[in-house]
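A short write-up of the structure that comes next.
Just so it is clear, the model here is predicted, and its values are computed rather than measured. Protein chains get the first letters and strands the later ones, always in sequence-line order, with residue 1 at the start of each.
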Amino acid sequence: MTHSALSRADLAGRAEAVAPLLLGAVLESRGPQALSDPVAVRITEVEAYGSTGADPASHAHRGRTQRNAAMFGEPGHLYMYFIYGMHWCANVVCGQPDEGAAVLIRAGEVLRGVEVARLRRGGSRPDRDLARGPANLAAGLGLRGQHNDIDLFADDSPVRLLPGPRGPLSPAEVACGPRVGIRHAVDRPWRWWIVDDPTVSRHPGPRGHRPR
DNA sequence: GCGACGATCTCA
DNA sequence: GAGATCGTCGCC
């Protein structure tokens with residue numbers, strides 16, 4: 001049994017409704033040239049970011065800008081952003097076009113292309129760390145600014161959103177809690193992760209909050 | 001035009 | 001707990 005395939009229509013809802021649906025689904029990237037083998041990552045942790053005026057922590061909160069324009073496009077596209085002068089992070093655009101909502105993909109399990117992911121990450125590290133944390137996940141998949149706004153549902157896209165291999169998640173397998181690394185709307189429990197999954201990111205978190 | 005800071009990570 | 005490192009946006 002596989003995770004049922006997500007369609008673009010499934011992503012058209014509110015970010016906080018779409019986010020948990022992405023758990024267990026797979027992001028697969030095909031690199032150009034040398035690192036052309038696909039890397040597939042099963043999503044284990046996500047965060048919802050709401051639309052303009054509705055979520056002070058969202059890049060879309062103050063409206064459309066050049067950077068966040070992809071958030072205001074069609075659901076099912078990627079929104080890539082660059083952070084801290086060195087990291088790229090990947091979001092799946094959701095909601096209605098012009099709404100400006102997205103789901104940050106925070107962590108995943110590398111199902112395929114472990115060798116390529118390890119090369120991209122550099123050094124030797126446990127498999128479970130290859131896509132643990134949003135910047136690590138993007139790095140392992142080889143995702144950067146050039147992938148901003150690409151359509152995850154186009155057959156010829158270098159990055160695609162595919163059904164997961166393990167079947168639907170039961171409610172007991174999913175936990176939620178506050179988002180990480182933000183200053184505003186910290187109380188909103190808009191981060192979801194797969195319980196006991198070793199690839200879910202670790203982080204200092206305010207007051208020692210930890211996924212379990 | 002300028003400057004403060006950020007949806008991070010690693011290592012000490 | 002600091003440092004790496006730079007694009008973005010708000011404000012001067």
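Residue A/Ile182 is in sugar-phosphate contact alone, with no base atom involved, counting any heavy-atom pair closer than 4.0 Å across all strands shown. At a threshold of 4.0 angstrom between heavy atoms, the contacts of A/Asn136 are confined to the sugar-phosphate backbone, with no base atom among them. When heavy atoms are screened at a 4.0 angstrom cut-off, A/Ala57 is found touching base atoms of the nucleic acid.
On the C1' atoms, C/dA2 is 16 Å away from B/dC5, given to the nearest whole Å.
Atom CZ of A/Arg191 and atom P of B/dA7 are 16 Å apart (whole Å). Note: CZ (A/Phe82) to P (B/dC9) measures 13 Å, nearest angstrom. Atom P of nucleotide B/dC5 and atom CZ of A/Arg67 are separated by 16 Å, given to the nearest angstrom. The interatomic distance linking A/Asp129 (CG) with B/dC9 (C1') rounds to 11 Å, in whole Å. One atom, CE of A/Met80, and another, P of C/dC6, lie 17 Å apart when rounded to the nearest Å. Between A/Arg64 atom CZ and C/dT8 atom P there is a gap of 15 Å when expressed in whole angstrom units. Straight-line distance from the NE2 atom of A/His184 to the P atom of C/dG10: 12 Å, rounded to whole Å. In this structure, the NE2 atom of A/His59 is 16 Å from the P atom of B/dC5, given to the nearest Å.
In this structure, of B/dC9, C/dC9, B/dA7, it is C/dC9 that holds the atom nearest to the side chain of A/Thr65. Closest approach to the A/His87 side chain among C/dG10, B/dA7, B/dC9 is made by B/dC9 (side chain taken as heavy atoms from C-beta onward). Across B/dT8, B/dT10, B/dA7, the shortest atom-to-atom separation from the side chain of A/Val180 is found for B/dT8. Residue A/Met86 places its side chain closer to C/dT5 than to any other of C/dT5, B/dA7, B/dT10. Looking at the side chain of A/Tyr79, the nearest of the listed nucleotides C/dC9, B/dA7, B/dT8 is B/dA7.
Using Watson-Crick or G-U wobble geometry with both donor-acceptor distances under 3.5 Å, C/dT5 finds no partner in any strand shown.
The side-chain contact (heavy atoms from CB on, under 4.5 Å) test with A/Val39 is passed by exactly one of A/Arg120, A/Arg112, A/Arg118: A/Arg120.
Proximity of A/Arg125 to the phosphate of B/dT10: a side-chain N or O atom is located under 4.0 Å from OP1 or OP2. Considering only side-chain N and O atoms, A/Arg144 lies nowhere under 4.0 angstrom from the phosphate OP1 or OP2 of C/dG7. Here A/Arg183 reaches the OP1 or OP2 of B/dG6: one of its side-chain N or O atoms lies under 4.0 Å away.
Between A/Ser58 and A/Met71 there is a side-chain heavy-atom pair separated by less than 4.5 Å. Contact annotation: the side chain of A/Arg160 never approaches that of A/Leu152 to less than 4.5 Å [non-hydrogen atoms, C-beta and beyond].
For A/Tyr84 against C/dA4, no side-chain N or O and base N or O form a donor-acceptor pair under 3.5 Å.
A perpendicular orientation is assigned to the rings of A/His59 and A/Tyr79, their planes being inclined by more than 60° (bins at 30° and 60°).
Linking Ile, Leu, Val, Met, Phe, Trp and Tyr whenever their side-chain heavy atoms come within less than 4.5 Å leaves A/Leu162 and A/Ile150 in two separate clusters.
Nearest heavy atoms, A/Ala54 versus A/Arg188: O-NH1, 2.8 Å.
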